[in-house]
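Report on the structure given below.
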2 protein chains.
Amino acid sequence: MEHNGQQVGRPRDSRVDEAITAAVRKLLGEVGYAGLTVAAVAECAGIGKASIYRRYATKHEMIFAAVVHGEVLEVPPDTGSLLGDLTALARVIVGHLSNPAAAGALMSLLGEIAADPTLAERFTTTFVEPERAGNAELLERAVRRGELERLPDIDLFHAMFGGTVLSWLFISHHDPHDLPERLARFACAALRSAAHQPFPSD
Amino acid sequence: MEHNGQQVGRPRDSRVDEAITAAVRKLLGEVGYAGLTVAAVAECAGIGKASIYRRYATKHEMIFAAVVHGEVLEVPPDTGSLLGDLTALARVIVGHLSNPAAAGALMSLLGEIAADPTLAERFTTTFVEPERAGNAELLERAVRRGELERLPDIDLFHAMFGGTVLSWLFISHHDPHDLPERLARFACAALRSAAHQPFPSD
DNA sequence: CATCATACGAGACTACAGTTTCGAAACTAC
DNA sequence: GTAGTTTCGAAACTGTAGTCTCGTATGATG
């Protein structure tokens, strides 16, 4: 009998986990999201498919885990000004989304999410919430500095900033390099203006 | 020999086209994008699958065509003010994207587009360009009215406006109803502010 | 050391959905 | 009418996600 929650039986080989993650990333880069097959991942990792399905319920969860692994968007350090912070933030987001493999995976993931509430939940806690919190911190800094009179609508700002990058890259297909400064300038002007007249009808 | 571009052979049955479109829309509403199968579409439409593939190269193109069919985003009429125009525009976009079937289709389509340049091209000419042109017209109106001193960065505005809606609905999963007025106020403030100091370093 | 529970790689197997092929039918040109 | 071309629905083909079984390996328990 096992004691406590102590593991009984053969323990999992952590090298298998690493091999799966590495194989998914390698193959995403080579054949893209659409061309990725579970069998190919198993072969590339030198393992059996069963070892994959023992860890992940579906192919999508496997990819999600591999892409996400440690990919938290850290808040860029304080640059001393709102404009500087916004530019740095835009660069970080653009940097992450400019990787073609990650980009394809993300978009396909969004497609899946539209039809899978479980995946949507996980995506939210893993990506959306931390990023929103990071945005909030950045804006609070600006308030502390006195650059903004009051905290703006964080939900709206968050959707605006990330959404603009998404649309710029994947819908308009514009040059990633052009975006950060333009977006930061625009957002900075908007925030300053909105802070003065948050509710025009008041 | 055929004369001119005159059609030779058995002509297509236009009722088949209509039946496909109707079946796709009906099934999208019933089973969602993920649950949609070509076989089900064929059966629901009372036709063979070959008749579908003679018209569309892939399942995604079929859905794209069915969802898009006549779904051009018209520019909302002049409301007399920039804020009013922006609110109306946001409502139109939110309205289109709030339909769950269309939403799922769009997101999955974006996933496909990330890996299919041909589809990307078609998506751009069908959706992106007209919408950008609509945005431009709306902004020109504001300049003519004197609400804006000069025309803002249209590419950026376009990515910002549509991207915010996209992110608000499909990434943050916020309430569609809350968005239009908030976004319009924010964008209006941003545009007025940016028009005064388009290049802060000048 | 013996037992038990689990993980492992390999590969067969099932189910299902996208895509293609096929014979019959419909229509035009001559 | 006949030939040629294209569409039609039905059925076959192809490939992949996901499951299952097998024999083996690994570690904990006693």
Side-chain angles (χ1 to χ4, degrees), chain A residues 1-24 27-28 31-66 108-109 111-112 115-116 118-119, chain B residues 1-20 23-24 27-28 30-66 105 108-109 111-112 115-116 118-119:
Chain A
M1 297 169 193
E2 83 284 4
H3 292 156
N4 301 331
Q6 197 67 13
Q7 198 114 353
V8 62
R10 177 175 176 175
R12 285 195 184 165
D13 187 341
S14 65
R15 288 171 309 182
V16 171
D17 296 78
E18 291 160 18
I20 293 173
T21 300
V24 169
L27 290 172
L28 268 184
V31 302
Y33 191 101
L36 192 78
T37 69
V38 177
V41 171
E43 190 188 359
C44 176
I47 61 171
K49 284 197 295 179
S51 296
I52 292 176
Y53 282 101
R54 205 168 286 114
R55 290 167 169 76
Y56 309 107
T58 68
K59 172 188 171 185
H60 299 292
E61 294 212 5
M62 172 190 73
I63 299 176
F64 180 72
S108 296
L109 212 54
E112 281 298 310
D116 181 345
T118 302
L119 202 59
Chain B
M1 297 172 193
E2 83 284 5
H3 290 158
N4 300 331
Q6 197 68 11
Q7 196 105 357
V8 63
R10 179 174 175 174
R12 283 196 183 163
D13 187 342
S14 65
R15 287 169 311 182
V16 171
D17 296 77
E18 292 160 18
I20 293 173
V24 170
L27 290 172
L28 268 184
E30 289 176 2
V31 302
Y33 190 100
L36 192 78
T37 69
V38 176
V41 172
E43 189 188 0
C44 176
I47 61 171
K49 288 194 278 185
S51 297
I52 292 176
Y53 281 98
R54 200 166 292 108
R55 290 166 170 75
Y56 310 108
T58 68
K59 172 189 171 186
H60 299 290
E61 294 212 3
M62 171 191 74
I63 299 175
F64 181 70
S108 296
L109 210 54
E112 280 300 307
D116 182 347
T118 302
L119 200 58

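Quick note on labels: first sequence line is chain A, next is B, and so on, each numbered from 1. Keep in mind that the numbers below use all heavy atoms, side chains included, and drop hydrogens, waters and symmetry copies.
- Annotation: the span from A/E18 atom CD to A/D13 atom CG amounts to 8.5 Å, rounded to 0.5 Å.
- Rounded to whole Å, the distance from CD on A/E43 to P on C/dA10 is 9 Å.
- Between B/D17 atom CG and D/dG9 atom P the separation is 11 Å, expressed in whole Å.
- Contact between A/V31 and A/L36 at its shortest, heavy atoms only, is CG2-N, 3.9 Å.
- Taking atom CD1 of A/I47 as the reference point, atom P of C/dC8 lies 8 Å away to the nearest angstrom.
- Applying the 4.0 Å criterion to OP1 and OP2 of C/dG9, one finds that A/S51 has a side-chain N or O inside that range.
- Annotation: the span from B/I52 atom CD1 to B/K59 atom NZ amounts to 11.0 Å, rounded to 0.5 Å.
- Within a 6.0 Å radius of CZ in A/R55, more than 12 heavy atoms belonging to other residues, nucleotides or ligands are found.
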Atom pairs, N/O to N/O, protein against nucleotides 17-19 of chain D, distance under 3.5 Å?
| from | atom 1 | to | atom 2 | distance (Å) |
| --- | --- | --- | --- | --- |
| D/dA17 | OP1 | A/L36 | O | 3.3 |
| D/dA17 | OP1 | A/K59 | NZ | 3.0 |
| D/dA17 | OP2 | A/V38 | N | 3.1 |
| D/dG18 | OP2 | A/Y53 | OH | 3.2 |
| D/dG18 | OP2 | A/K59 | N | 2.9 |
| D/dG18 | N7 | A/K49 | NZ | 3.4 |
| D/dG18 | O6 | A/K49 | NZ | 2.6 |

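- A/T58 contributes atom OG1, which lies 4.5 Å from atom CD of A/E61 (distance to the nearest 0.5 angstrom).
- The nearest whole Å value for the distance from the CZ atom in A/R55 to the P atom in C/dT6 is 15 Å.
- Put simply, NZ on A/K49 and CD on A/E43 are 11.5 Å apart, with the number rounded to the nearest 0.5 Å.
- The CD1-P distance, from A/I52 to D/dC20, rounds to 17 Å in whole Å.
- Residue A/A23 comes nearest to A/C44 through the heavy atom pair CB-SG, 3.8 Å, listed as atom of the first residue, atom of the second, then distance.
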Please write out the pairs of protein N or O atoms and N or O atoms of nucleotides 1-6 of chain D separated by less than 3.5 Å, giving the distance to one decimal.
| from | atom 1 | to | atom 2 | distance (Å) |
| --- | --- | --- | --- | --- |
| D/dT6 | O2 | B/R10 | N | 3.4 |

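- Atom OG of A/S51 is separated from atom CZ of A/R54 by 5.0 Å, given to the nearest 0.5 angstrom.
- B/R15 comes within contact range of no nucleotide atom at all, as no heavy-atom separation falls under 4.0 Å.
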